[in-house]
Amino acid sequence: MADIILHHYAASPFAEKVRIALGLKQAAWKSVDIPNVMPKPDLMPLTGGYRKTPVMQIGADIYCDTQLIMLELDRRLPTPGLLPKGREGEARAITMWIDRNIFGPAVGVVMSQIPIEGRFGETFKKDRSEFSGRNFDPERLRAALPVMRDQTYALLSLARAMLSDGRKFLLGAEPCLADCALYNPVWFIQSETAAPLDRTPDIVAWSQRMKTLGSGKRSDIKAGDALDIAKAANPGATTVDAGDPSGLKAGQKVNVTPDDTGRVPVEGVLVGLTPDRVSIQRSDPRVGDVVVHFPRAGFVVVPL
Ligand SMILES: N[C@@H](CCC(=O)N[C@@H](CS)C(=O)NCC(=O)O)C(=O)O
């Protein structure tokens, strides 16, 4: 298998979800450091416009969104598995609940307590306004802290309830996909502030168990090297499910857009469609032909 390349930056909590999974699997991987705001000139030739962090590259296959990145990692490196046997759907559903419900309030808790102006400045504010589709206003964020803290606390209490029978991880004795997902917001809160985790010692103890997983065997490469790797590689085979309810057919031109933040459409030719993923082929002078893969849930596919 070609090397796993993760395009990410250190402070990204969604990237941490993947890094901790790479730790769980003791995987060797290559790291490309990307900017935390647009423009991302060395990422765009690979993704065709998808701008979120992280992105995983394996040769000329580009995986967008951690929902799919984690499934693909697990497919390629099956041991130890991220999906507990017989409870695969449960692990994935809990993960979506965490990604879509806990992450937002957790970001609110962190962002409302750090000196945004001093640390990030205007470029970041402008970028995050575009990214989220609404004005990124530090004052509003600060005012929302009590609500965000309480929501984070209430949602983490559901995770606590899962651990209340003394199990070590969310779905049992071993860490799984759902634990990696919960580690994302918990790690982010811990990097900046105490509340509300000071009221959830069992989550803190769980996060310490997670931390020991590490992040695998990482080596840094330059963005240009990753682009060269894509150019030299051919994308893997994919198939379009003829019974898909969308009625989409192989070879059709489509665009694919996240339905929440960073809503930049990526255009390409449909080459893969399953219940879990949509794959489009596109071409760029810098990298040649690549296939960009997205999850189905949370992504809008429009025929052109
Ligand atoms: N649903 C996406 C969410 C990714 C996401 O929101 N990542 C944040 C960083 S943690 C981001 O892209 N921020 C803007 C940026 O990095 O440009 C996933 O699971 O990968």
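Atoms within each ligand, like the ligands themselves, are counted from 1 in listed order. Quick note: residue numbers are just sequence positions, from 1.
Considering all non-hydrogen atoms of both residues, Leu156 and Leu182 come closest at CD2-CD1, 3.9 Å. The nearest pair of heavy atoms linking Asn36 to Arg51 is O-NH2, 4.4 Å. Between Leu197 and Ile203, the shortest heavy-atom distance links the atoms CD2-CG2, 3.9 Å.
Among all non-hydrogen protein atoms, the one lying nearest atom 11 (C) of ligand 1 is Phe131 CZ, 3.7 Å.
Ligand-side atoms of ligand 1 in range of Asp65: 1 (N), 2 (C), 18 (C), 19 (O), 20 (O), range being under 4.0 angstrom from any heavy atom. Contact atoms of ligand 1 toward Tyr9: 9 (C), 13 (N), 15 (C), 16 (O) (distance under 4.0 Å to a heavy atom of the residue). Of all the atoms in ligand 1, the ones that sit under 4.0 Å from a non-hydrogen atom of Pro13 are 10 (S).
The distance criterion of under 3.5 Å between nitrogen or oxygen atoms is met by Arg51 with respect to ligand 1.
At most 12 non-hydrogen atoms from other residues, nucleotides or ligands lie less than 6.0 angstrom from CZ of Arg199.
In the candidate list Lys52, Lys40, Arg100, Lys40 is nearest to atom 15 (C) of ligand 1, counting heavy atoms. Relative to atom 19 (O) of ligand 1, the option among Asp127, Asp99, Thr66, Val55 with the closest non-hydrogen atom is Thr66. Comparing heavy-atom distances from atom 16 (O) of ligand 1 across Asn184, Thr53, Ile69, Asp260 singles out Thr53 as nearest.
Between Phe124 and Phe136, a ring centre-to-centre spacing shorter than 6.0 Å is recorded.
Using 4.0 Å as the threshold, Met38 has no heavy atom nearer than that to any atom of ligand 1.
Between Asp74 and Lys25 there is a salt bridge, since a side-chain N of the basic residue sits under 4.0 Å from a carboxylate O of the acidic one. Salt bridge present: Arg167 and Asp165 bring a charged side-chain N and a carboxylate O closer than 4.0 Å.
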